[in-house]
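Contents: one structure, followed by commentary.
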Protein chains: 2
Amino acid sequence: MSRRLHFNLFLHDTGHHEASWRLPGSDPYANLSLAAHQHLARVAEDAKFDSVFLADSPVLWSDPGRRPAGKLEPTLLLAALAVSTSRIGLIATASTSYNEPYNLARRFASLDHLSGGRAGWNIVTTAGDAAARNFGLADQPLHRARYERADEFLDVSTKLWDSWADDATIADKQAGVHALRDRVHEIGHEGDFFRVEGALNVPRSPQAYPLLVQAGSSEDGKDFAARWAEAVFTAQPTLAESQAFYADLKRRVAAAGRDPGHVVILPGIVPVIGATEAEARELDAELDRLIAPRYAIGTLAHTLRVDPSVLHLDEPLPDDLPGEDEIEGAKSRRTLIVDWARRENLTVRQLIGKLGGGRGHRTFTGTPVQVADTIQHYFDNGAADGFNIMPAVLPSGIEAFATEVVPILQERGLFRTEYEGSTLREHYGLPRPANRFALQGVAR
Amino acid sequence: MSRRLHFNLFLHDTGHHEASWRLPGSDPYANLSLAAHQHLARVAEDAKFDSVFLADSPVLWSDPGRRPAGKLEPTLLLAALAVSTSRIGLIATASTSYNEPYNLARRFASLDHLSGGRAGWNIVTTAGDAAARNFGLADQPLHRARYERADEFLDVSTKLWDSWADDATIADKQAGVHALRDRVHEIGHEGDFFRVEGALNVPRSPQAYPLLVQAGSSEDGKDFAARWAEAVFTAQPTLAESQAFYADLKRRVAAAGRDPGHVVILPGIVPVIGATEAEARELDAELDRLIAPRYAIGTLAHTLRVDPSVLHLDEPLPDDLPGEDEIEGAKSRRTLIVDWARRENLTVRQLIGKLGGGRGHRTFTGTPVQVADTIQHYFDNGAADGFNIMPAVLPSGIEAFATEVVPILQERGLFRTEYEGSTLREHYGLPRPANRFALQGVAR
Ligand SMILES: Cc1cc2nc3c(=O)[nH]c(=O)nc-3n(C[C@H](O)[C@H](O)[C@H](O)COP(=O)(O)O)c2cc1C
Ligand SMILES: Cc1cc2nc3c(=O)[nH]c(=O)nc-3n(C[C@H](O)[C@H](O)[C@H](O)COP(=O)(O)O)c2cc1C
């Protein structure tokens with residue numbers, strides 16, 4: 001079979017543009033609405049998307065005045081959506097810095113059971129001191145230490161997911177033996193961050209464990225992805241940057257001893273679709289007019305680690321900004337923004353407009369055919385295995401994408417017209433993980 | 001309106017009798033089946049039950065040979081059941097010893113939003129060293145320390161749930177203000193166990209926060225319930241013990257300065273229902289014959305903190321058992337078992353039979369009218385505000401209770417024929433919590 005595109009819908013209440021909730025047609029309570037999320041997931045499923053995805057951070061992220069700031073916890077929301085859908089994958093973000101592996105491994109194993117093998121985990125280390133202050137810390141742990149913990153977290157989690165052999169449960173009513181004790185293993189993990197005895201109290205799930213997804217793009221982040229990730233989200237504003245990221249990551253995967261074909265790279269794209277180019281541009285402009293600079297300046301200053309007073313709306317960024325090495329938070333995001341502003345010689349107001357829409361992702365304004373052409377161009381030129389679709393406005397943006405862009409790509413033979421597999425890994429063409437205990441014949 | 005009974009269904013895959021999975025009609029994979037849980041919840045909802053409930057411990061609890069040992073994580077399973085039901089309350093167990101308040105408060109607030117105000121939290125401190133060893137500890141924290149942490153955990157959680165005023169979100173599209181910054185409060189908690197800045201990233205939910213449920217019956221457990229619980233599960237084998245517990249707990253609630261009418265006491269009952277008494281007794285006997293003593297002796301020895309070799313199937317318990325004060329785990333359970341065995345002069349085999357069925361709860365074998373009479377007798381004689389229904393076999397036990405016992409109680413005017421309210425607290429006749437920040441007018 002020829003190579004096929006993969007699509008993930010990044011769920012985001014009224015849309016990824018920060019002012020989308022202010023549009024007349026938007027439901028400003030969509031962030032807390034099960035029905036709104038059910039609708040988005042069903043539209044994506046009808047369009048045969050591989051998955052839907054929810055971002056997360058254990059902190060009140062933005063000023064609650066600015067846009068809908070409250071979020072339902074992703075693993076719970078996706079458990080509810082598992083009932084409302086039947087084929088599409090369900091990817092929840094969860095932090096390795098502010099969870100315990102035993103608890104989180106259980107939740108993802110449970111989600112995989114509940115959904116019949118459709119669970120995915122977007123693994124994040126959670127940048128920011130504000131989140132740390134919800135967990136007894138004064139400041140966030142160092143960037144490097146967060147990734148060290150993440151590594152051990154994955155080691156523990158995969159051991160826990162392997163702790164029940166696939167064939168452990170025999171349910172022999174006659175003999176009165178439900179599962180074979182010697183196919184359920186303690187893991188006895190003792191590391192720098194965790195000591196976990198095991199076994200997990202959830203038997204092995206349909207996919208063995210959730211699809212492992214990652215989105216960090218610092219050096220440490222990319223190396224972590226190379227070791228663990230099966231799918232990678234990334235924010236790249238241009239084709240050239242996407243190609244460079246793609247080549248770099250596939251190289252790192254090979255260097256880590258894994259098959260580069262077993263990691264699916266999904267850059268984010270913010271499509272703003274109109275019947276004509278002019279119509280699409282008008283929607284884009286309307287959204288940008290609705291951005292309130294009083295909030296956006298604060299966020300930008302925070303990301304760049306400067307005082308808001310040094311940023312002036314109609315001037316470029318100041319020259320003397322702190323470097324990436326001085327930042328313990330989201331390093332790569334800061335650099336992306338600074339490079340972008342300098343390259344395109346943007347004023348602060350222009351930069352805010354671009355960030356308000358795509359937050360550093362590729363925004364693409366155009367007709368359905370233009371959007372399809374761009375997607376194909378990336379796909380054919382070593383920049384992507386598929387896309388993380390981040391509509392500026394929801395649900396209208398995904399409805400337009402599903403009914404107008406997807407059929408063009410199906411017509412071209414680039415995207416499925418029916419689900420072929422039943423699990424999330426099958427959708428992405430990835431193999432089911434083997435069990436380390438089965439492989440090594442341990443404790444049989 | 002006259003006083004009405006309340007019913008909770010304690011969900012438990014093939015039933016509360018440990019051998020129930022071995023019956024010919026049982027689905028031995030029900031523990032991991034969404035469909036099986038959906039069916040149970042719908043039967044209970046059709047019968048107008050107040051709630052369903054899932055127990056939990058973050059550890060592989062029993063020998064996986066003995067009975068279905070794998071469990072889906074309760075908050076996720078109930079999020080799924082929120083979609084499959086529309087009126088019934090959803091109570092999940094979660095541990096204060098092995099969670100962080102910020103994470104857990106979010107999950108329960110999310111469940112309350114997803115279910116339209118039907119969430120409840122059975123607060124447990126989690127006995128046992130095995131659970132502790134999944135969280136970096138060699139042994140469990142002392143019983144007293146677990147309850148101290150639980151107290152502070154509830155303090156933090158209720159602050160977080162209060163951190164958004166009920167009227168914080170205004171969604172003013174024109175002004176571009178989604179929520180009022182000064183009605184969203186940092187909590188700035190600094191205590192012995194937790195430092196949590198807040199605010200929560202989930203706005204105030206329909207019920208303000210989940211119904212608080214508790215089930216510990218040691219001295220510390222009862223005092224904790226008196227301070228926090230709105231509903232209490234309890235295991236009491238006789239009417240007299242239920243009456244004593246009921247009077248004692250209501251007294252403690254009053255002593256803690258709360259309204260005893262605002263705490264609903266729900267003893268567990270294991271109904272084994274037959275068309276005739278003889279038929280019910282035959283089902284009971286069949287179940288007891290299916291218990292495998294090799295597993296049951298180990299559990300009993302563990303609870304009593306003795307070596308299994310000192311327990312002999314056809315002899316009474318040994319005289320020299322460790323006292324309650326020597327036990328850091330589930331103190332009250334040990335005492336209940338020992339008292340019961342001594343009072344009724346049971347052999348170890350007889351004791352195991354009784355525990356295998358109800359695990360210390362009141363087992364009641366009889367016809368539908370006899371079961372209804374017993375329930376009414378408890379209810380009318382200061383022993384219960386309702387019951388935690390724990391059928392020995394599922395789903396048949398709840399189907400029989402719903403179609404045969406509930407109509408008798410409805411006929412007598414003792415149980416609702418329709419839901420009157422929409423939230424879980426409304427089902428139990430309890431008031432919605434006020435917001436401490438609103439009351440004190442803080443930071444307005
Ligand atoms: C599409 C996408 C989604 C992301 N979602 C989250 C998220 O939900 N939570 C989070 O903490 N970080 C999220 N991130 C941020 C990354 O995980 C990462 O922290 C960030 O890119 C900085 O990289 P670094 O951690 O490697 O320094 C996301 C990034 C991308 C590109
Ligand atoms: C109906 C009922 C359900 C219970 N469910 C749980 C549970 O899910 N998890 C748990 O750790 N303990 C559970 N318990 C045990 C109590 O929370 C408590 O730990 C036990 O009664 C010992 O009391 P103590 O903790 O006050 O010593 C339950 C008790 C009863 C009566």
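So that the names make sense, note that chain A is the first sequence line, chain B the second, and so on, each numbered from 1. Quick caveat: nothing in here was measured; it's all calculated off a predicted structure.
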Any donor-acceptor pair under 3.5 Å linking the side chain of [X] with the backbone of [Y]?
{"X": "B/Arg22", "Y": "A/Gln174", "answer": "yes"}
{"X": "A/Asn201", "Y": "B/Ser57", "answer": "yes"}
{"X": "B/His178", "Y": "A/Pro28", "answer": "yes"}
{"X": "A/Asn103", "Y": "B/Pro58", "answer": "no"}

Side chain from CB out, backbone as N, CA, C, O: work out which of these in [X] comes under 4.5 Å of a heavy atom of chain A, or both, or neither.
{"X": "B/Val184", "answer": "side chain"}
{"X": "B/Asp56", "answer": "side chain"}
{"X": "B/Ile187", "answer": "neither"}
{"X": "B/Thr169", "answer": "both"}
{"X": "B/Leu137", "answer": "backbone"}
{"X": "B/Pro24", "answer": "backbone"}
{"X": "B/Ala82", "answer": "neither"}
{"X": "B/Leu160", "answer": "neither"}

Could you have a look at [options] and say which one has the most heavy-atom pairs with chain A under 4.5 angstrom?
{"options": "B/Pro68, B/Ala199, B/Ser33", "value": "B/Pro68"}
{"options": "B/His37, B/Lys71, B/Glu100, B/Arg107", "value": "B/Arg107"}
{"options": "B/Val202, B/Leu114, B/Leu34", "value": "B/Leu114"}
{"options": "B/Phe194, B/Tyr29, B/Tyr295", "value": "B/Tyr29"}
{"options": "B/Glu197, B/Gln38, B/Arg66", "value": "B/Glu197"}
{"options": "B/Gly176, B/Pro101, B/Pro203", "value": "B/Gly176"}

Check each atom of [X] against the heavy atoms of chain B and say whether the ones under 4.5 Å are side chain, backbone, both or neither.
{"X": "A/Leu78", "answer": "neither"}
{"X": "A/Phe193", "answer": "neither"}
{"X": "A/Phe135", "answer": "both"}
{"X": "A/Leu290", "answer": "neither"}

Report the option among [options] that has the most heavy-atom pairs separated by less than 4.5 Å from atoms of chain B.
{"options": "A/Ala179, A/Gly70, A/Ala130, A/Ala175", "answer": "A/Ala179"}
{"options": "A/Gly65, A/Ser26, A/Ala79", "answer": "A/Gly65"}
{"options": "A/Asn31, A/Ile170, A/Asp172, A/Leu81", "answer": "A/Asp172"}

What closest approach, in Å, do B/Leu60 and A/Trp164 show between heavy atoms, and which atom pair accounts for it?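 Taking B/Leu60 first and A/Trp164 second, the nearest heavy atoms are CD1-CZ2, 3.7 Å.
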For A/Val83 and B/Ser84, which heavy atoms make the closest approach, and how far apart are they?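 So the two residues come closest at CG1-OG, 3.7 Å.
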Partners of B/Ser205 by side-chain contact (heavy atoms from CB on, under 4.5 Å), sequence neighbours excluded?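 B/Ser205: side-chain contact (heavy atoms from CB on, under 4.5 Å) contacts with B/Asp112, B/His113.
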Considering residues at least two apart in sequence or located in another chain, which fulfil the side-chain hydrogen bond (donor to acceptor under 3.5 Å, both in side chains) criterion with A/Glu186?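 In terms of side-chain hydrogen bond (donor to acceptor under 3.5 Å, both in side chains), with neighbours along the sequence ignored, A/Glu186 is linked to no residue.
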From CG (A/Asn134) to CZ (B/Arg195), nearest 0.5 Å: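 Those atoms lie 11.5 Å apart.
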Rounded at 0.5 Å granularity, tell me how far CD in A/Glu73 sits from CG in B/Leu76.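 A/Glu73 atom CD to B/Leu76 atom CG measures 7.5 Å (nearest 0.5 Å).
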